[in-house]
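Following: one structure in structure tokens, then a few remarks.
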Amino acid sequence: MNGIEINGTTGLLGLLGNPVEHSVSPVLHASLVKKHNDNYAYLAFRVEQEQLKAAVEGAYALGAKGLNVTVPYKKEVMQYLCEIDEKAELLGAVNTLVRTEHGYKGYNTDMPGLYRAMRYDGVSLEGQNVVVIGAGGVANAVLGMLFEAKVKKILILNRTKEKAVQLAERFQRVYADREIVVKTASYEEDYPAVMDEMSQDAAGTGHIAQAGYFGGEKKKDWLAIQATSVGMSTKTDEAAIGESAFYDRIACGYDLIFNPYETKFMKLVKEHGGKSYNGLRMLLFQGIYAYELWNDISIPDEWAADVLQQMKEAMGITKA
Ligand code: NAP
């Protein structure tokens, strides 16, 4: 157990989703509560769809200071909030509710969480060529981050091309002033064109080029962000893209999946000489951002390693 002592003044924080039983958010937040010497209990609530409105209103009535919202309610919950942060509105998803005088205000901490995780891992974005694999819910946070970080080129690959096109068009409309080249493709239908695009001489200017990957025999000048659900749960031996030539171009592969700890995508990146990361630090930092919003505080990055360790222990991960 996490050692929190419940008493008459313990405040309530929590998670709404379905399912929630395997979530590590309670461990993450219990660790922050302890480190910051606060008095909260963070509980995971499995909520049926028809009860979502009642759950939000009930939590407010009970005085809950803040909530996280996870799959499948990140979009649906927005209609029950008194206000939505501008960035969350743009991303079309809310994962954090902050108590206000009139109800909960919705935020999206996935996007800044991913940015802070990448920074923590030493992956820089500015001026970089980035291939995004996937165009589902979380790809919105990825696109928002990439446009904000002023990358050079974005190539969105998705099984269903139409979704990649819609995603690209939406962000290009909002960030019309950014000079970022955005291309879309279906990796199943357009694979040769994808490889042509990735083979063009487009030297990155970020850490990848500086780290010396660029200029060798194989030009590894792309950062790949894996944002599909392929490789999770029962399909851990699968990756959305299997072709070797693709991985020859990847200097750094960032998988948003964190369970398994090392995905097939990450293994392929590594086998082809690139660096790979999983999504656990994104999960960590989206939680840290939520905790900061609830309490109007800043949590030092130095705490991150300890909290991460608690999360890994809870997940039974023994790897460094
Ligand atoms: P989603 O909205 O359901 O989108 C799923 C994506 O995966 C779509 O691009 C979909 O392609 C693709 N996909 C699914 N099955 C596929 C298959 N068999 N072959 C090829 N492509 C397939 O899910 P999401 O919310 O974006 O989440 C995606 C992943 O990100 C999940 O694994 C989740 O764990 C992870 N995630 C991590 C964090 C974190 O904090 N680290 C936060 C959020 C999400 P189509 O469009 O063609 O269907």
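First listed ligand is number 1; within each ligand, the first listed atom is number 1.
- For ligand 1, the polar-atom distance check finds an N/O of A135 within less than 3.5 Å of one of the ligand's N/O atoms.
- Ring pair Y254/Y277 is parallel by interplanar angle, where below 30° counts as parallel and above 60° as perpendicular.
- For ligand 1, the atoms sitting less than 4.0 Å from at least one non-hydrogen atom of F258 are 41 (N), numbered in the order shown with element in parentheses.
- Residue Q286 is tested with N95, T96, N108 for a side-chain hydrogen bond (donor to acceptor under 3.5 Å, both in side chains); the sole match is N95.
- Summary of contacts: the protein heavy atom closest to atom 32 (O) of ligand 1 is M232 SD, 2.7 Å.
- In this structure, the protein non-hydrogen atom closest to atom 37 (C) of ligand 1 is L256 O, 3.2 Å.
- The protein heavy atom nearest to atom 29 (C) of ligand 1 is T228 O, 3.5 Å.
- A pairwise comparison of heavy atoms in G231 and I257 identifies C-CD1, 4.3 Å as the closest pair.
- Linking Ile, Leu, Val, Met, Phe, Trp and Tyr whenever their side-chain heavy atoms come within less than 4.5 Å puts V194 and F265 in one cluster.
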Take S25 and N68, measure what side-chain hydrogen bond (donor to acceptor under 3.5 Å, both in side chains) needs, and give me the verdict at the end. CA-CA 9 Å; S25 288; N68 283 134; 4.9 Å; no
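- For the pair N158 and ligand 1, the shortest N or O to N or O distance falls below 3.5 Å.
- The nearest heavy-atom contact from the protein to atom 23 (O) of ligand 1 is G137 N, 4.4 Å.
- Taking atom 22 (C) of ligand 1 as the reference point, the nearest protein heavy-atom neighbour is V230 CG2, 3.5 Å.
- Close N/O approach between K74 and ligand 1 is not found [any backbone or side-chain N/O within under 3.5 Å].
- Looking at ligand 1, you won't find any N or O of G134 less than 3.5 Å from one of its N or O atoms.
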Which is it for K235 and V230 under the side chain to side chain contact (heavy atoms under 4.5 Å, CB included) test, yes or no, and what are the steps along the way? CA-CA 7 Å; K235 297 189 172 174; V230 182; 5.9 Å; no
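- Under the 4.5 Å side-chain criterion, counting only non-hydrogen atoms from C-beta, N295 is in contact with Y40.
- Counting atoms of ligand 1 from 1 in the listed order, those under 4.0 Å from a heavy atom of K163 are 45 (P), 46 (O), 48 (O).
- Environment of CG in D296: sparse, with no more than 12 heavy atoms of neighbouring residues, nucleotides or ligands closer than 6.0 Å.
- Not a single heavy atom of Y254 lies less than 4.0 angstrom from ligand 1.
- Counting heavy atoms closer than 4.0 Å to ligand 1, residue I257 contributes side-chain atoms (C-beta onward) but none from N, CA, C or O.
- The shortest contact between atom 39 (C) of ligand 1 and any protein heavy atom is with M282 SD, 3.6 Å.
- Here's the thing with G279: one of its N/O atoms is less than 3.5 angstrom from an N/O atom of ligand 1.
- Across all their heavy atoms, K312 and Y261 have their closest contact at NZ-OH, 3.3 Å.
- For the pair T160 and ligand 1, the shortest N or O to N or O distance falls below 3.5 Å.
- Residue G136 approaches ligand 1 through these ligand atoms, each under 4.0 Å from one of its heavy atoms: 2 (O), 4 (O), 8 (C), 9 (O), 26 (O).
- Around atom NZ of K87, no more than 12 heavy atoms belonging to other residues, nucleotides or ligands sit under 6.0 Å away.
- Contact annotation for V138 and ligand 1: heavy atoms of both the backbone and the side chain come within less than 4.0 Å of the ligand.
- For atom 5 (C) of ligand 1, the nearest protein heavy atom (residue, atom name, distance) is S229 OG, 3.9 Å.
- Across all non-hydrogen atoms, the minimal contact from L146 to V130 is CD1-CG1, 3.8 Å.
- For A227, the heavy-atom gap to ligand 1 drops under 4.0 angstrom.
- Within the 4.0 angstrom cut-off, atom 3 (O) of ligand 1 has no protein heavy-atom neighbours.
- Between the side chains of N39 and T9, at least one donor N or O lies within less than 3.5 Å of an accepting N or O.
- The protein non-hydrogen atom at the shortest distance from atom 21 (N) of ligand 1 is Y187 OH, 3.3 Å.
- Classified by interplanar angle (parallel below 30°, tilted 30° to 60°, perpendicular above 60°), the ring pair Y175/F147 is parallel.
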